[in-house]
There are 2 protein chains.
Amino acid sequence: MRPRLKDVAEHAGVSIKTVSNVVNGYPHVSPDTRTRVEAAIAELRYQPNLSARNLRSGRSGVIALAVPDLSIPYFSELATKVIEVADLRGWTVLIDQTQGERRKEQLVMSGIRAQLIDGMLFSPLALTPEDLRARTDQTPMVLLGERIGGGTLDHIAVDNVAAAHLATTHLVALGRRRIAAIGAQRAARAVTAEQRLRGFRRALSDAGLSEHAVADVSDYHRADGAEAMARLLDGDPPDAVFCFNDTLALGALRTLLSHGLRVPRDVALIGFDDIEDGRFSTPTLTTIAPDKAHIAETAVSLLATRLSAAGAEPPQDLCAPHRLIVRESTATGA
Amino acid sequence: MRPRLKDVAEHAGVSIKTVSNVVNGYPHVSPDTRTRVEAAIAELRYQPNLSARNLRSGRSGVIALAVPDLSIPYFSELATKVIEVADLRGWTVLIDQTQGERRKEQLVMSGIRAQLIDGMLFSPLALTPEDLRARTDQTPMVLLGERIGGGTLDHIAVDNVAAAHLATTHLVALGRRRIAAIGAQRAARAVTAEQRLRGFRRALSDAGLSEHAVADVSDYHRADGAEAMARLLDGDPPDAVFCFNDTLALGALRTLLSHGLRVPRDVALIGFDDIEDGRFSTPTLTTIAPDKAHIAETAVSLLATRLSAAGAEPPQDLCAPHRLIVRESTATGA
DNA sequence: ATCGTTGTCTGCAACGTTGTAAACGGTCTA
DNA sequence: TAGACCGTTTACAACGTTGCAGACAACGAT
């Protein structure tokens, strides 16, 4: 059996509460007692029972991170960072996958794990602002990515409009004129896609260009990008394409190359997310890099604030930095 | 405040224990009472408090999955499957990343989360059989991948020797004669790498060929593969390469293409793991596909057995199926 | 000498749940 | 009709922890 406070107390010749005080860093414990208790803790290899502590204190030290799909590299890279940062605060991260399905997102949001966690970081895809308003669960929550909170929840994301504008402007600066986009979504709920589309269109009109084509996708995997690019090539082929994320771009790249087109010579390609794959594709992938570490750190620290100050401080709506990383898929010399 | 059993009991006009019985599916409850209790549960939106339940019952319904790094696609794909399968049993999965570092693996193995979890699935990289023998923590554990348990723990993995043999034999069948491998590891602990190397060598000697070259790597990321391939090209270039995983292969592919070599014409390439990236690279990547769904299901069910039967049933050592998937990187017509 | 103050330590109760055992009312059997 | 039996329901205690209130000793100020 695992040792309890009681065992440590008997071993050190003090009361249970004193051991608890030592464990919790309560200051008014004499150095002598403290040493004796610590020795007993070490000897018995005592570890606090988290269930009991949680039951008593209402805190579990566990936070949830809900993302659509870990097998999308952007989310697994983000998860890696979040776990790292949370670890520094002594928190354990529990990951929920929603597959971007509205039903699962509602489930997660409405507190299916509420008993287990102190708070959650949530990266919704299909959820509507109404869904969020209808939320009754009180678990503190920080939104990542989609700006659908309507100012009712803490939120951190890149400025998608500005980032998409930057990406598109880069293509324009290469001298391309028939610029297409891949990644729009029919579902009116897909706020991120909508914002990137808006940035794309604004950049084109700023440059005095008209939109060459926009391809819808139903999901953001490689296969969707490959298939969307095939549709674009069926019509009047573009000379540059902005893909709303890197996996779409890698799928599109595959289609371009297998159609015998050269990248960037015939078609320049830019993605979004800066996932590791894009650094090793051929050609390597130009992309917009959101500062994932910054997002993870900010998200966790927003949650920490929310957890400590139960007060009604107004929710914050923060912006993460992004930058353009130029690689071979838009290189000029090629 | 969240409703408790007590609130539901009062609302339904029964005792706390009766509500508990209904919640837990205890059979001897009259249909009438059951209906009334269920109505009260629904109305108050009662959800059991997991901390209390865990404290009382000693079970948390949470299992840990410890892997080196989620940003390695193989592990994120595996994690996705494990979460799915665990969900069917009503379990929540908590993910620990070890970075393949021995110290972190020891930490995880020795029960750092023991208070929180009922059992764990562990995919070690750097751990030695001695580390495992020195383990004192009693949390049930199932090993994935590395066969270092020495028969003391449940274990599921593909037959790495046979799989590597299959991969190498495929290259031989293409008519290649200068066949190299990428992915050996200096650290004697890396059992998986060792087994794949053994299968590689056995296949070559079965074919009457001698080993062209073997490149060591320190890690299994794309960058390591790219760098290892560069070293191979410095010497007498191979006409085929077996990479011990797909990310290594994609890195190697990058180096080959940027050196102006054609794949598979000049160099045929085969990987291991069947990650999604390999289906969309150019050329697409031939690979050995371990049955990840099978691994996830088996691992979770091994753990379930171990959890229910506290008895000393002998640990099982199981083998997951694998198959060869031929794609462009070893296509014959090219 | 008395009183309040400070620092250290302790006992008690409670967090919400479930296992155990026992109570209750009814039906069946002798 | 008494006793045994069964299905249903209940009270109680315990899981290991921490907040609270207070006990106790030592000390300084009056």
Side-chain angles (χ1 to χ4, degrees), chain A residues 1-38 40-41 44-62 90 111 113-118 138 308 310, chain B residues 1-38 40-41 44-62 90 111 113-118 138 308 310:
Chain A
M1 211 51 205
R2 222 169 258 286
R4 301 154 298 163
L5 281 183
K6 191 179 177 206
D7 304 313
V8 178
E10 283 169 7
H11 201 265
V14 295
S15 78
I16 291 180
K17 192 67 228 284
T18 299
V19 180
S20 170
N21 285 339
V22 171
V23 170
N24 291 291
Y26 180 71
H28 300 302
V29 178
S30 74
D32 179 50
T33 314
R34 165 160 282 134
T35 315
R36 232 172 44 246
V37 171
E38 277 167 353
I41 288 176
L44 298 181
R45 296 224 199 86
Y46 169 77
Q47 287 183 305
N49 180 315
L50 297 185
S51 297
R53 175 179 282 181
N54 181 26
L55 173 60
R56 177 62 233 219
S57 68
R59 285 284 173 85
S60 66
V62 178
R113 301 249 190 272
Q115 318 293 342
L116 205 55
I117 60 172
D118 297 339
Q138 293 299 316
S308 59
Chain B
M1 210 52 210
R2 218 168 261 285
R4 302 155 297 166
L5 281 182
K6 191 179 177 207
D7 303 312
V8 178
E10 284 168 7
H11 201 268
V14 296
S15 79
I16 292 180
K17 192 65 227 284
T18 300
V19 180
S20 169
N21 285 339
V22 171
V23 170
N24 292 289
Y26 179 72
H28 299 302
V29 177
S30 74
D32 178 50
T33 315
R34 165 160 283 136
T35 314
R36 234 170 45 244
V37 170
E38 277 167 353
I41 288 176
L44 298 181
R45 294 222 201 87
Y46 168 78
Q47 289 182 302
N49 180 315
L50 297 185
S51 297
R53 176 178 280 181
N54 181 25
L55 172 61
R56 178 59 232 219
S57 68
R59 284 285 174 86
S60 65
V62 178
R113 301 248 189 272
Q115 317 293 342
L116 204 57
I117 60 171
D118 297 339
Q138 293 299 317
S308 59

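Quick note on labels: first sequence line is chain A, next is B, and so on, each numbered from 1.
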Would you check if the side chain of [X] reaches a backbone N or O of [Y] as a donor-acceptor pair within less than 3.5 Å?
| X | Y | result |
| --- | --- | --- |
| B:Asn49 | B:Ser51 | yes |
| B:Thr35 | B:Pro31 | yes |
| B:Asn21 | B:Tyr26 | no |
| A:Asn54 | A:Leu50 | no |
| A:Asp118 | A:Arg59 | no |

Donor/acceptor link under 3.5 angstrom from A:Lys17 side chain onto base of D:dG19: yes

Do B:Arg56 and C:dT18 have a side chain to base donor-acceptor pair shorter than 3.5 Å? yes

Where along residues 19-37 of chain B does a heavy atom fall under 4.0 Å from DNA chain C? B:Ser20, B:Asn24

Interatomic distance, [X] [atom1] vs [N] [atom2] [rounded to whole Å]:
| X | N | atom1 | atom2 | value |
| --- | --- | --- | --- | --- |
| B:Lys6 | C:dA14 | NZ | C1' | 12 Å |
| A:Asn54 | D:dC15 | CG | P | 19 Å |
| A:Ile16 | D:dG19 | CD1 | P | 15 Å |
| B:Leu5 | C:dC15 | CG | C1' | 13 Å |
| B:Leu55 | C:dG19 | CG | C1' | 14 Å |
| A:Arg59 | D:dT18 | CZ | C1' | 14 Å |
| B:Arg2 | C:dC15 | CZ | C1' | 14 Å |
| A:Glu10 | D:dG16 | CD | C1' | 14 Å |

Consider side chain to side chain contact (heavy atoms under 4.5 Å, CB included). Of B:Gln47, B:Glu38, B:Arg53, which one does B:Val23 pass it with? B:Arg53

Just verifying a value: how many Å separate A:Glu10 CD and A:Leu5 CG, rounded to the nearest 0.5 Å? 11.5 Å

How long is the straight-line distance from CD1 of A:Ile41 back to CG of A:Asp7, given to the nearest 0.5 Å? 12.0 Å

Between its two end axes (five pairs each) the helix from C:dA1-D:dT30 to C:dA30-D:dT1 turns, nearest 10 degrees, through 60°

Can you name the residues that form a salt bridge (Lys or Arg N to Asp or Glu O under 4.0 Å) with B:Arg56, not counting sequence neighbours? none

